[in-house]
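Following: one structure in structure tokens, then a few remarks.
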Amino acid sequence: MRLSTFFLPVLKETPAEAQIASHRLMLRAGMIRQEGAGIYAWLPLGHRVLKKIEQIVREEQNRAGAVEMLMPTIQPADLWRESGRYDAYGKEMLRITDRSDREMLYGPTNEEMITEIFRAGAKSYKDLPKMMYHIQWKFRDEVRPRFGVMRGREFLMKDNYSFDIDEEAGRKSYNKMFIAYLRTFERMGLKSIPMRADTGPIGGDLSHEFIVLADTGESAVFCDKRIVELPVPPKDVDFDGDLQTTVDQFTTYYAATDEKHDENEFEDAVEDGNRVSARGIEVGHIFFFGTKYSDAMNAVVATPDGKEVPVQMGSYGVGVSRLVGAIIEAFHDGDGCKWPMAVAPFHVGLINLKVGDAEVDAACEKLYQSLSDAGVDVLYDNTPARGGEKFARMDLIGLPYQIVIGPRGLKDGKAEVKRRSDGEREEIALDQVSDHVAKLVQDALAYN
RNA sequence: CGGGGCGUAGCGCAGCCUGGUAGCGCAUCUGGUUUGGGACCAGAGGGUCGCAAGUUCGAAUCUUGCCGCCCCGACCA
């Protein structure tokens with residue numbers, strides 16, 4: 001992509017309303033624009049990141065055996081009357097009426113609808129187990145939206161729903177999502193920690209919040225250092241094999257958010273050198289709730305001996321749009337974003353320091369071509385701006401690598417390659433830059 | 001939902017108290033000089049002062065109502 005054709009409205013000054021780093025940087029880097037309280041337009045740069053995150057989530061869901069579908073944003077109120085939540089949900093639900101005065105709502109979640117869909121199409125234990133997910137915009141009319149996309153009213157969420165014949169089978173589905181989530185966040189460069197959350201009507205231990213560690217996270221978290229160091233299952237993990245052992249590894253250690261934290265228990269369970277107090281952001285939540293909706297909505301399946309039982313369900317959410325903010329919170333500095341390769345809007349920024357100079361232009365064009373041919377996503381700054389402005393802008397948008405080509409380096413047949421994460425630069429011979437950088441990109445993407 | 005604050009050019013702000021021709025910096029456009037880390041000179045364009053009503057000869061400024069947004073707290077993917 002040539003910067004001259006891209007739309008990148010960067011801001012030199014910080015908008016007054018942005019309090020935290022990710023919000024500030026997303027506005028400054030031209031990723032989003034606020035259109036109302038907690039409502040954002042995704043500009044081209046932000047949209048690219050959002051789609052990358054969405055795709056990683058999708059791939060890991062598919063690997064775990066979930067199937068993708070798409071439910072509407074607008075739902076009829078009657079569906080929610082069946083579960084009793086139409087009245088219970090309160091003002092967080094955005095209620096609307098259509099031209100015929102039918103009561104509708106902009107979905108804050110989809111348990112009712114998926115239950116209705118499932119009961120219409122599955123009747124027997126032979127139809128189980130099933131996991132279905134979609135990635136769709138939700139709306140919750142939060143009293144106080146804040147922190148940009150981290151706590152918006154409209155947000156993009158992946159929600160998966162599992163259907164099983166009994167609780168034991170339900171636990172297996174739960175474990176699949178548990179592992180899938182560890183892998184999903186790891187691929188984005190994030191260290192996520194499953195923390196025990198409030199349990200449902202079933203009780204037990206089948207609800208976890210996935211917390212990403214970030215210095216500027218919204219809540220304080222406490223955990224055993226050993227949980228942070230546990231290896232995440234590889235991509236060829238057998239989702240139909242034994243997952244319980246792995247899940248147990250993660251759940252035996254102490255890990256709690258501040259509202260569930262018990263200092264005495266923490267000190268008893270974790271020895272001195274292993275106690276971690278940090279800050280975190282909730283990016284996922286998995287939850288087994290049994291027959292809460294299948295009871296209320298009569299979603300039953302026949303067992304092998306011919307009885308009808310309500311189906312056992314769980315739901316599993318990932319805050320896709322929130323992750324954009326969470327990743328920035330985890331990876332930024334005073335100059336801007338520092339995207340992990342897997343979610344970077346472009347892999348590489350190519351800076352032409354003297355647009356109009358025949359030699360520099362030719363070198364840039366050639367490199368732009370060969371990198372693109374090698375499958376590298378390049379943002380080529382071919383604008384007539386000054387060097388300093390280009391450097392600052394490229395640092396702000398935070399592409400993992402920058403290649404700088406100007407008359408000075410060109411005299412020696414060299415280009416400069418800068419790594420955004422730590423600022424390290426090296427001079428590379430011009431005819432080797434393409435291969436060199438393509439390899440750096442490929443190596444960074446090797447984990448998937 | 002309780003408490004506080006702010007709406008003046010694309011962004012950041014001053015002006016309001018004490019009513020009298022709407023300003024500054026950045027950004028944008030033109031010309032020139034510059035050009036390896038957010039340049040300089042000269043000039044130009046851009047504002048129903050959130051909306052409405054009221055007071056007044058006269059309202060960005062005073063009064064009332066409404067709308068929008070932000071912050072702290074309680075709540076939450």
Side-chain angles (χ1 to χ4, degrees), chain A residues 9-20 23-24 27-28 30 33-40 57 89-93 107-111 135-160 181 197-198 207-212 218-219 257 259 280-287 315-326 334-336 351-357 360 381 383-397 402-412 414-416 418 423 425 427:
Chain A
V10 298
L11 305 173
K12 200 189 237 177
E13 288 174 279
T14 301
E17 71 268 20
Q19 298 299 307
I20 63 167
H23 190 193
R24 215 161 47 226
L27 290 167
R28 284 198 55 210
R33 178 165 178 81
Q34 180 168 353
E35 298 296 346
I39 299 175
Y40 294 87
V57 170
Y89 216 92
K91 297 184 82 172
E92 277 204 346
M93 181 188 282
T109 178
N110 287 71
E111 278 86 3
I135 299 171
Q136 178 64 292
W137 292 93
K138 309 281 194 291
F139 193 92
R140 292 183 194 170
D141 200 353
E142 296 276 351
V143 193
R144 193 183 159 208
R146 58 182 129 174
F147 304 145
V149 301
M150 299 262 285
R151 185 78 179 286
R153 290 196 294 172
E154 189 184 49
F155 56 97
L156 187 61
M157 181 178 176
K158 184 281 301 179
D159 42 324
N160 181 33
Y181 276 31
D198 286 331
S207 178
H208 285 88
E209 290 180 6
F210 282 73
I211 302 286
V212 153
E218 15 174 13
S219 53
T257 57
E259 57 260 14
I281 301 162
E282 181 182 354
V283 290
H285 197 156
I286 61 177
F287 193 41
S315 75
Y316 314 89
V318 169
V320 175
S321 48
R322 167 180 285 190
L323 271 165
V324 180
D335 295 326
I351 295 179
N352 181 332
L353 275 179
K354 194 164 186 180
V355 172
D357 178 295
V360 180
D381 186 347
T383 66
R386 306 166 58 82
E389 187 181 344
K390 292 188 177 208
F391 293 131
R393 180 166 56 197
M394 204 57 90
D395 283 346
L396 175 63
I397 68 173
Q402 299 170 11
I403 305 173
V404 182
I405 295 187
R408 205 175 75 189
L410 220 50
K411 267 191 302 203
D412 308 323
K414 296 261 174 83
E416 182 183 288
K418 173 178 156 181
R425 309 166 195 210
E427 303 259 306

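We name chains A, B, ... by the order of the sequence lines, and we start the count at 1 in each one.
For G65(B) and U55(B), the C1' atoms lie 15 Å apart once the distance is rounded to whole Å. Spacing of C1' atoms, A14(B) relative to G7(B), comes out at 15 Å, to the nearest Å.
Across all strands shown, Thr109(A) has no heavy atoms under 4.0 Å from either base or sugar-phosphate atoms. Backbone-only engagement by Glu282(A) is indicated by non-hydrogen atom pairs under 4.0 Å involving sugar-phosphate atoms exclusively. Residue-level contact check: Gly406(A) touches the bases, meaning some heavy atom is under 4.0 Å from a base atom.
Contact between Arg322(A) and Glu282(A) at its shortest, heavy atoms only, is NH1-O, 2.6 Å. Contact record, Phe139(A) with Ile39(A): CE1-CD1, 4.0 Å, taken as the closest heavy-atom pair.
Nearest to the side-chain atoms of Arg408(A) among the listed nucleotides C76(B), G36(B), C69(B) stands G36(B). In the set C1(B), G36(B), C75(B), G36(B) carries the atom at the smallest distance from any side-chain atom of Phe391(A).
Here the options are Lys138(A), Gln136(A), His285(A), the test is side chain to side chain donor-acceptor pair (under 3.5 Å), and the partner is Asp159(A); only Lys138(A) passes.
Distance CD (Glu17(A)) to P (G5(B)): 20 Å, rounded to an integer number of Å. Atom-to-atom, CZ of Arg24(A) to P of C11(B) comes out at 18 Å; the value is rounded to the nearest Å.
Side-chain atoms of Arg151(A) come within donor-acceptor range of the base of C75(B), with a qualifying N/O pair under 3.5 Å. In the interface, the side chain of Arg144(A) is not paired with the base of G3(B) through any donor and acceptor atom under 3.5 Å apart.
Side-chain N/O atoms of Gln34(A) include one lying less than 4.0 angstrom from OP1 or OP2 on C70(B). Contact annotation: Arg386(A) side-chain N/O to A39(B) OP1/OP2 distance is under 4.0 Å. Contact check, Lys12(A) against C26(B): no side-chain N or O comes under 4.0 Å of OP1 or OP2.
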